[in-house]
Amino acid sequence: MEMKITVSCPTPNRCTLLILVLFSFAASPLHASLSINFYASSCPTAELIVSNMVRSASSSDPTIPGKLLRLLFHDCFVEGCDASVLLQGNGTERSDPANTSLGGFSVIDSAKRVLEIFCPETVSCADIVALAARDAVVTAGGPAFEIPTGRRDGRISDAANVRSNIVDTSFTMIEMIRLFNSKGLSLDDLVTLSGAHTIGVAHCNAFSDRFQMDSKGNLTLIDTSLDNNYAKELMKKCPSGSSASKTVNNDPETSFAFDNQYYINLLGHRGLFQSDSVLVEDERTSARVEAFANDQETFFQSWRDSFLKLTTIGVKTDDEGEIRQSCSFAN
């Protein structure tokens, strides 16, 4: 298949980065209709508007980057990266209990409103979600890079498709590999994209299966893969009978910084979820975890490649989708 990509370098200093991204883009089985700087002519300020919205929202609420990153995962893993998770209504993805704790919607909606003023019916909500997640990582201190755009918004959003297409925090390695492979993602992508847990928060019930309640109503540790001191911290923050809205930071060390601390935590048996802990316990992934823990730049380079693959899962282009006027409702 022939793939034509046209690029305009914003500044000479960014040309090298663009070339590196394009090489990764062209060498991967990504969608041929996406391109770098897709909106260069139709809406040249599109990416700047999204970036400014993310930066502004994050400055007042440091949990925003984690929310935007999680929103992208839940969008792309179900129906592809088509903003179907944003659609409101009975029976939509957004209404499923697995998605009721998602956040960041207001940032996407605010960006869309501004874009509709400057570039009506031009920039898709799917692209806004992808760009916002990319910019969220940058805002939290992670790597900056270009991503292709040109996605269109999906018209289908079905809650019945959610549970079988997203990672459960109690998943085994085999279950995660099967799910990631079904999305065209490799074992290396699995380890790399799990690094998203270096930011964000989790509700207590997301890891409650690592404990059990004794006859006195107190929690005790039953998952021996978890560090005892860390387990005590978690039981203190999430005691028996905790509110359903109670949360803890995914990364107890550098909670709002996108860095390699997540992997350092894993080596110390301080992964919050069972799906985190298996990465360091399984010989297929433990070496990669150690490599990322030892060298943040290695993680960042791998993150760029895996993020590009994530944001092109099942994308819709041309007549396959639409450009919504409102991200919450199909046209």
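Reckoned from all heavy atoms, side chains included, excluding hydrogens, waters and symmetry mates.
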Heavy-atom closest contact (Leu279 atom, Thr285 atom, distance): O-OG1, 2.6 Å
NZ/NE/NH1/NH2 to OD/OE distance under 4.0 Å, Glu322 and Arg152: no
Worked verdict on Glu281 versus Ser225 for side-chain hydrogen bond (donor to acceptor under 3.5 Å, both in side chains): CA-CA 8 Å; Glu281 295 167 1; Ser225 66; 3.2 Å; yes
Aromatic ring pairing Tyr262/His197, orientation class (parallel under 30°, perpendicular over 60°, tilted between): perpendicular
Cation-aromatic face contact Arg94/Phe105, 6.0 Å, 45 degrees: yes
Step-by-step side chain to side chain contact (heavy atoms under 4.5 Å, CB included) determination, Ile222 to Arg210: CA-CA 6 Å; Ile222 58 174; Arg210 310 189 81 172; 5.6 Å; no
Heavy-atom closest contact (Leu272 atom, Ala202 atom, distance): CD2-CB, 3.7 Å
Pair Arg151 + Asp82, salt bridge at N-O below 4.0 Å: no
Pro148 versus Leu34, closest heavy-atom pair with distance: CB-CB, 3.8 Å
Residue pair Asn205, Lys246: steps toward the side-chain hydrogen bond (donor to acceptor under 3.5 Å, both in side chains) verdict: CA-CA 9 Å; Asn205 61 6; Lys246 178 72 173 177; over 6 Å; no
Expected output: side-chain Ser110 to main-chain Val107 donor-acceptor under 3.5 Å: no
Heavy-atom side-chain contact between Leu87 and Arg324 under 4.5 Å: yes
Common cluster, Val54/Val201, ILVMFWY with side-chain heavy-atom separation under 4.5 Å: no
Check: Trp303 ring centroid to Phe145 ring centroid under 6.0 Å: no
Main-chain N/O of Ala40 paired with Asn37 side-chain donor or acceptor, under 3.5 Å: no
Distance in Å, Leu86 CG paired with Ile128 CD1, rounded so as to fall on 0.5 Å steps: 9.0 Å
Side chain Thr92, main chain Gly89, donor-acceptor under 3.5 Å: yes
Cationic N near anionic O, under 4.0 Å, Asp153 to Lys316: no
Plane angle bin for Phe211 and Phe207 - parallel if under 30°, tilted between 30 and 60°, otherwise perpendicular: perpendicular
Non-hydrogen side-chain atoms of Val167 and Phe73 separated by less than 4.5 Å: no
Side-chain donor or acceptor of Glu175 paired with backbone N/O of Thr172 under 3.5 Å: yes
Audit row: Leu131, Ser51, side chain to side chain contact (heavy atoms under 4.5 Å, CB included) steps and yes/no: CA-CA 8 Å; Leu131 290 168; Ser51 177; over 6 Å; no
Flag side-chain contact, heavy atom, 4.5 Å: Ile64 against Leu68: yes
Main-chain N/O of Ala291 paired with Asp295 side-chain donor or acceptor, under 3.5 Å: no
Over all atoms of both residues, closest heavy-atom pair of Leu185 and Leu310: CD2-N, 4.2 Å
Pairing of Arg134 and Glu47 as salt bridge, 4.0 angstrom limit: yes
Side chains of Ser84 and Ser157, donor plus acceptor under 3.5 Å: no
Same cluster (ILVMFWY, side-chain, under 4.5 Å), Phe38 and Phe307: yes
Aromatic plane relationship, Tyr263 with Phe299 - under 30° parallel, 30 to 60° tilted, over 60° perpendicular: perpendicular
Distance, nearest 0.5 Å, that separates NZ of Lys232 from CG of Leu226: 12.0 Å
Connected via hydrophobic side-chain network under 4.5 Å: Val289 and Phe171: yes
Approximate separation, where rounding is to 0.5 Å, of Ile147 CD1 and Ile36 CD1: 8.0 Å
OG-CG distance between Ser186 and Asp305, expressed to the nearest 0.5 angstrom: 10.0 Å
Shortest non-hydrogen contact from Asn249 toward Phe256: OD1-CZ, 4.3 Å
Worked check of side-chain hydrogen bond (donor to acceptor under 3.5 Å, both in side chains) between Asp251 and Thr254: CA-CA 6 Å; Asp251 177 356; Thr254 56; 3.0 Å; yes
Val50 side chain near Leu115 side chain, heavy-atom distance below 4.5 Å: yes
Leu102 side chain near Asn99 side chain, heavy-atom distance below 4.5 Å: yes
Distance-only donor-acceptor check, side chains Gln325 and Glu116, under 3.5 Å: no
OG1 on Thr169 to CG on Asp209, rounded to 0.5 Å: 6.0 Å
Atom CG of Asn331: over 12 foreign heavy atoms under 6.0 Å: yes
Nearest atoms (heavy-atom pairs only) where Ser170 meets Asp168: OG-OD1, 2.5 Å
Residue pair Asp158, Glu93: steps toward the side chain to side chain contact (heavy atoms under 4.5 Å, CB included) verdict: CA-CA 5 Å; Asp158 188 347; Glu93 294 171 30; 5.7 Å; no
Side chain proximity check, Pro143 to Val138, heavy atoms < 4.5 angstrom: no
Backbone N/O of Gly195 and side chain of Thr198: donor-acceptor pair under 3.5 Å: no
Donor-acceptor contact below 3.5 Å, side chain Lys112 vs main chain Val123: yes
Step-by-step side-chain hydrogen bond (donor to acceptor under 3.5 Å, both in side chains) determination, Asn52 to Arg55: CA-CA 5 Å; Asn52 286 342; Arg55 187 163 50 250; 2.4 Å; yes
Ion pair check, Arg288 and Asp188, cut-off under 4.0 Å: yes
Atom CG of Leu48: over 12 foreign heavy atoms under 6.0 Å: yes
Whether Asn294 side chain and Glu290 backbone form a donor-acceptor pair below 3.5 Å: yes
Derivation and outcome, side chain to side chain contact (heavy atoms under 4.5 Å, CB included), residues Ser277 and Leu266: CA-CA 6 Å; Ser277 295; Leu266 292 187; 5.5 Å; no
Single-linkage hydrophobic cluster, 4.5 Å side-chain cutoff, Val278 and Ile264 together: no
Close side-chain approach of Asn165 and Lys183, heavy atoms under 4.5 Å: yes
Spacing of CG belonging to Asn250 relative to OG belonging to Ser255, to within rounding of 0.5 Å: 8.5 Å
Donor-acceptor contact below 3.5 Å, side chain Asn265 vs main chain Arg270: no
Under 3.5 Å donor-acceptor, Asp109 side chain and Ser106 backbone: no
